[in-house]
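It should be emphasised that the depicted structure is a prediction, and the values quoted were computed from it without experimental measurement. Reckoned from all heavy atoms, side chains included, excluding hydrogens, waters and symmetry mates.
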Amino acid sequence: MVDYDKAVATVQDPNADPVLLAKIAYENPEFGANVAVNPRCYPGLKRWLATFGDERARQTLAQMGVTAEDGPVADAQPAQDVAADSAAASAAASAAASAAADQYSADSYSADQYSADSYAASAAQQQPAQDQYAAAQYAAQQEPQATNPYGYTAQMALETTDQELIAKIAQYAPELRPCIARNPSTYPALVDWLAQLNDPAVNAALATRQ
């Protein structure tokens with residue numbers, strides 16, 4: 001069926017496509033009278049409407065002097081030409097309907113393809129961030145090499161429950177701060193302080209805390 005707004009615009013257009021008018025007459029019979037008075041409505045279509053149109057279309061055509069019993073319309077076509085015109089109108093309407101369906105399918109495919117492309121582009125944009133996060137998570141799980149001169153080790157920073165020792169490691173062994181961030185015994189105030197350092201390795205370690 002032709003879209004209502006399109007049908008309204010078409011039947012009011014003095015330069016309307018006759019094939020589209022035939023399609024409207026065939027698929028939107030309520031517009032039959034409007035099609036009949038359109039200057040682009042050809043004789044064969046008028047004859048078809050006079051025969052198969054709704055009551056309003058037949059009355060409109062009767063006022064124009066065209067009835068189903070009148071035989072050839074306007075140009076005195078032979079009867080077989082009138083039948084051919086009617087068949088052509090039906091065929092044109094069916095062809096137009098098929099073309100509209102094909103166009104709808106093509107538009108639907110384009111919309112689906114656009115959605116797929118948009119999703120792929122979005123995924124591609126998110127992938128670097130995901131990779132960076134995964135790398136940070138992996139780095140957070142690795143034990144850093146202790147370089148401080150005080151003998152503090154990564155295992156000590158990870159496992160000690162001594163709050164004073166935890167504070168000293170955080171202060172004097174900055175390379176072990178990611179381990180302190182992972183240590184479940186690290187007290188909240190120190191956790192907040194570590195978060196304020198904005199160190200990527202420390203941030204990644206903090207993200208692993210439960």
Side-chain angles (χ1 to χ4, degrees), residues 1-13 16-17 19-20 23-24 27-28 30-31 94-210:
M1 181 178 293
V2 180
D3 177 76
Y4 180 84
D5 292 337
K6 183 176 182 180
V8 170
T10 301
V11 298
Q12 294 177 350
D13 183 3
D17 181 357
V19 174
L20 182 54
K23 186 175 188 297
I24 293 171
E27 296 185 357
N28 303 65
E30 69 274 16
F31 285 99
S94 297
S98 176
D102 291 343
Q103 183 62 42
Y104 175 79
S105 297
D107 291 344
S108 297
Y109 172 79
S110 297
D112 291 343
Q113 187 63 36
Y114 174 78
S115 297
D117 291 345
S118 297
Y119 176 80
S122 176
Q125 291 174 354
Q126 294 175 1
Q127 190 60 40
Q130 294 173 348
D131 291 345
Q132 184 177 5
Y133 177 76
Q137 289 292 92
Y138 175 78
Q141 299 296 330
Q142 306 309 302
E143 293 188 3
Q145 184 68 36
T147 59
N148 66 88
Y150 306 105
Y152 300 139
T153 66
Q155 183 176 2
M156 186 184 301
L158 284 167
E159 299 177 358
T160 184
T161 59
D162 185 328
Q163 299 297 308
E164 184 177 354
L165 179 57
I166 289 174
K168 287 182 178 180
I169 294 174
Q171 181 177 0
Y172 298 114
E175 75 278 7
L176 298 180
R177 286 171 182 166
C179 297
I180 293 295
R182 288 167 53 196
N183 188 327
S185 297
T186 299
Y187 52 95
L190 183 54
V191 171
D192 293 341
W193 180 80
L194 289 170
Q196 294 174 7
L197 297 177
N198 200 27
D199 183 309
V202 172
N203 290 343
L206 289 172
T208 66
R209 294 179 66 87
Q210 298 300 322

A.B. asks: Please report the shortest heavy-atom distance between T10 and A16, naming the atom on each side.
C.D. replies: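 Scanning both residues, the minimum pair turns out to be O-CB, 3.4 Å.
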A.B. asks: Supply the atom-to-atom distance E175 CD to I169 CD1, rounded to the nearest 0.5 angstrom.
C.D. replies: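 Here the interatomic distance stands at 10.0 Å.
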A.B. asks: Any side-chain heavy-atom pair from L176 and M156 closer than 4.5 angstrom?
C.D. replies: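 They are not in side-chain contact.
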A.B. asks: Let me confirm one number: the CG-CG distance from L206 to D192, rounded to the nearest 0.5 Å.
C.D. replies: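 That separation rounds to 9.5 Å.
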A.B. asks: Let me confirm one number: the OG1-CG distance from T160 to L165, rounded to the nearest 0.5 Å.
C.D. replies: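 Atom-to-atom, T160:OG1 and L165:CG are 4.0 Å apart.
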A.B. asks: Heavy atoms only: give me the nearest C179-A154 pair and the separation to one decimal.
C.D. replies: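 What the structure gives for the nearest pair is SG-CB, 3.9 Å.
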A.B. asks: How long is the gap from OG1 on T153 to CD on Q145, to the nearest 0.5 Å?
C.D. replies: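 These two atoms lie 10.5 Å from each other.
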A.B. asks: State, to 0.1 Å, how close A167 and Y187 come at their nearest heavy-atom pair, and which atoms those are.
C.D. replies: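 Nearest pair, atom of A167 first, then Y187: CB-OH, 3.5 Å.
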A.B. asks: Heavy-atom count around Q163 CD within 6.0 Å, excluding the residue itself: above 12?
C.D. replies: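 Counting other residues, nucleotides and ligands, CD of Q163 exceeds 12 neighbours.
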A.B. asks: Please check if the side chain of R182 supplies one atom and the backbone of L158 the other of a donor-acceptor pair under 3.5 Å.
C.D. replies: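 Not a single qualifying donor-acceptor pair exists.
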A.B. asks: If we only count heavy atoms from C-beta on, is the Y4 to F31 side-chain gap below 4.5 Å?
C.D. replies: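 A side-chain contact under 4.5 Å exists here.
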A.B. asks: If you take all heavy atoms of A205 and P178, which pair is closest and at what distance?
C.D. replies: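 What the structure gives for the nearest pair is CB-O, 3.3 Å.
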A.B. asks: Is there a donor-acceptor pair closer than 3.5 Å between any side-chain N or O of N28 and the backbone N or O of E30?
C.D. replies: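 Such a contact is absent between N28 side chain and E30 backbone.
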A.B. asks: When rounded to the nearest 0.5 angstrom, what is the spacing between NZ in K23 and CG in D17?
C.D. replies: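 These two atoms lie 11.5 Å from each other.
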A.B. asks: Can you see which heavy atom on V2 is nearest to which on A7, and at what distance?
C.D. replies: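 That would be CG1-N, 4.0 Å.
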A.B. asks: Would you compute the distance between atom CZ of R177 and atom OG1 of T186 and round it to the nearest 0.5 angstrom?
C.D. replies: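 R177 CZ to T186 OG1: 12.5 Å, rounded to 0.5 Å.
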A.B. asks: Is Y172 atom OH crowded by more than 12 heavy atoms from other residues, nucleotides or ligands, each under 6.0 Å away?
C.D. replies: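 Counting other residues, nucleotides and ligands, OH of Y172 stays at 12 neighbours or fewer.
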